[in-house]
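Take a look at the structure below.
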Amino acid sequence: MTTNSAQAEDPHANDAAPYGGGDPYADYRDGDFPFTELVDLADRRLGAGVVAANDEFFAERENLLVRERAVFDPEHFGHKGKIMDGWETRRRRGVDGAHPFPAPDDHDWAVVRLGAPGVIRGIVVDTAHFRGNYPQRVSIQAAAVEGSPSPEQLLAADVKWEEIVPVTPVRGHAANGFEISSERRYTHVRLCQHPDGGVARLRVHGDVVPDPQWLDLLGTIDLVSVLNGGVYEDASDKFYSSPTQIILPGTSRKMDDGWENRRRRVRDTNDWVRFRLVAQGAIRAVEIDTAYLKGNSAGWIALSGRNGENGEWFEIIPRTRLQPDTLHRFKLPAQAVATHVRLDAFPDGGVARMRLHGALTEQGAADLRARYEDVAGQ
């Protein structure tokens, strides 16, 4: 990324070339950020939202959290000007004709409620298609405000916002990634554009840390749900879509809203995906859903569990035939105590959702409380 000194010499050093026709992503500057394997805490499917912004004159703030990558139509104009797929503010001006530029501290901002509070490991500020109208710099703050605060409450003077990304230059038409070192649990982030401009998408990757008191009140919970702190760890194949989608809340909405692998051609092998539960739990019932997977659902599945990082794998559900586009429910003859599960698909194919219904053990509840208190600063 361009340094502050280089940008001071040339404020347009991070501009992208004007769109010249053809594929608008042909000259997009992508990045390889390992933290993008983690769940997006700002995913709308988890309940995230852009709750406030000081300005959205050209393009609405809600576009920041759209799941699909930004699109660009060179002929798409409205009565306010070019319509962009992102959040874009108007051009800031100075106080008078003798001072036409904005003050050094002037900036625009948008406040995002995380769908799942947790520890932030990395953030991507995507300026796709904002070639000369992206912000010169960005900064990001985060706060921990429990409950369902209003925009006014979040912006009150007594809310402590911690800077997790200092004012930093960004590139236009590019994925700008930032690793985060804070070990605190946050519920909201605030993206600031200095002094103005447009951002296409915002992704906030990290580890979900649920409130243990809430899970205790619920009793039986989904022990592997992203919202409750379940984590995808590894998979044999993720060619078409991320295995994390198997443990998202709600039902899938289309074929690629789950885990689908490529066609397996090596006999006597199979695909698999492994998850870590929120903490040690006693699984009582399992749901496997193949919604929208009609000609490409897994033929058979098996589910195994493991108690502890070095525990032996044991059978929870034996190899069982699946039906396409169907919700399958399994009542376990005895509860299965585990910290990890592995779902095997034979020989390949897709699964839309998996639910592991049960409750935390005493040890699991104690471990979760300790982690929550550690990252919540209590």
Side-chain angles (χ1 to χ4, degrees), residues 1-7 10-20 22-44 48 50 59 63-72 84-88 110 112 114-115 118-142 163-182 186 189-194 197-207 231-235 238-245 256:
M1 185 169 292
T2 304
T3 63
N4 283 300
S5 59
Q7 192 176 58
D10 180 6
H12 298 289
N14 288 331
D15 289 6
Y19 175 65
D23 180 6
Y25 274 100
D27 60 341
Y28 176 72
R29 294 173 284 186
D30 209 341
D32 182 16
F33 311 117
F35 57 74
T36 57
E37 282 287 302
L38 301 173
V39 64
D40 181 5
L41 304 177
D43 192 329
R44 281 287 302 176
V50 188
N63 291 331
L64 283 171
L65 304 188
V66 170
R67 292 313 310 160
E68 294 74 23
R69 71 178 188 172
V71 298
F72 179 74
M84 298 292 290
D85 184 8
W87 168 50
E88 186 181 6
V112 175
L114 300 180
V119 177
I120 301 171
R121 303 299 183 188
I123 294 176
V124 177
V125 177
D126 187 351
T127 58
H129 315 305
F130 289 95
R131 296 169 175 270
N133 52 346
Y134 63 97
Q136 190 175 27
R137 296 175 299 275
V138 301
S139 64
I140 302 172
Q141 297 90 43
E163 187 173 71
I164 57 175
V165 176
V167 179
T168 305
V170 292
R171 298 177 295 169
H173 193 47
N176 299 276
F178 304 91
E179 290 190 7
I180 309 300
S181 59
S182 173
Y186 297 112
V189 296
R190 180 166 59 194
L191 171 65
C192 298
Q193 304 192 70
H194 303 264
V199 172
R201 300 288 188 265
L202 179 71
R203 305 291 186 238
V204 183
H205 297 278
D207 303 321
V231 178
Y232 149 68
E233 287 194 328
D234 198 7
K238 48 187 176 180
F239 188 84
Y240 287 112
S241 53
S242 169
T244 294
Q245 296 189 142
D256 67 347

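Throughout, numbering of the chain's residues begins at 1 and tracks the sequence.
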Taking all non-hydrogen atoms of both residues, which atom of [X] and which atom of [Y] are closest, and how far apart?
X      : Y      : answer
Ile120 : Ile164 : CD1-CD1, 4.1 Å
Gln245 : Ser241 : NE2-CB, 3.6 Å
Phe130 : Val199 : CE1-C, 3.7 Å
Gln136 : Pro11  : NE2-CB, 3.6 Å
Phe178 : Thr168 : CE2-CG2, 3.9 Å
Arg201 : Asn63  : NH1-O, 3.1 Å

Decide if atom CD of Glu179 counts as having more than 12 heavy atoms of other residues, nucleotides or ligands within a radius under 6.0 Å. no
Check the orientation of Phe35 and His205. Use parallel for under 30°, tilted for 30 to 60°, and perpendicular for over 60°. tilted
On the 0 to 90° scale, with breaks at 30° and 60°, tag the Tyr25-His173 ring pair as parallel, tilted or perpendicular. tilted
Begin with the C-alpha distance, continue with both residues' side-chain angles, and end with the deciding distance and a verdict on side chain to side chain contact (heavy atoms under 4.5 Å, CB included) for Val112 and Val204. CA-CA 10 Å; Val112 175; Val204 183; 5.8 Å; no
Between Tyr28 and Asp126, does the side chain to side chain contact (heavy atoms under 4.5 Å, CB included) criterion hold? Intermediate values first, please. CA-CA 10 Å; Tyr28 176 72; Asp126 187 351; 2.9 Å; yes
With a 3.5 Å distance limit and no angle check, can you tell me whether [X] reaches the backbone of [Y] through a side-chain donor-acceptor pair?
X      : Y      : value
Asp15  : Gly132 : no
Asn176 : Arg171 : yes
His129 : Ala70  : yes
Tyr134 : Asn14  : yes
Arg44  : Gly115 : no

Would you say Ile140 and Ile180 make side-chain contact, with heavy atoms under 4.5 Å? no
Checking Val50 against Leu202 for the side chain to side chain contact (heavy atoms under 4.5 Å, CB included) test, could you report, in this order, the C-alpha distance in whole Å, the side-chain angles of both residues, the deciding distance, and whether it holds? CA-CA 10 Å; Val50 188; Leu202 179 71; over 6 Å; no
Taking it one step at a time, do Asp40 and Arg67 satisfy salt bridge (charged side-chain N to carboxylate O under 4.0 Å, His left out)? CA-CA 10 Å; Asp40 181 5; Arg67 292 313 310 160; 2.8 Å; yes
Hey, what do you get for CG (Asp85) to CG (Leu64), rounding to the nearest 0.5 Å? 10.0 Å
Roughly how far, to the nearest 0.5 Å, is CD of Glu163 from OG of Ser139? 6.0 Å
I need the single residue from Val39, Leu38, Thr244 that forms a side-chain contact (heavy atoms from CB on, under 4.5 Å) with Tyr232. Which is it? Thr244
Take Leu191 and Trp87, measure what side chain to side chain contact (heavy atoms under 4.5 Å, CB included) needs, and give me the verdict at the end. CA-CA 11 Å; Leu191 171 65; Trp87 168 50; 4.0 Å; yes
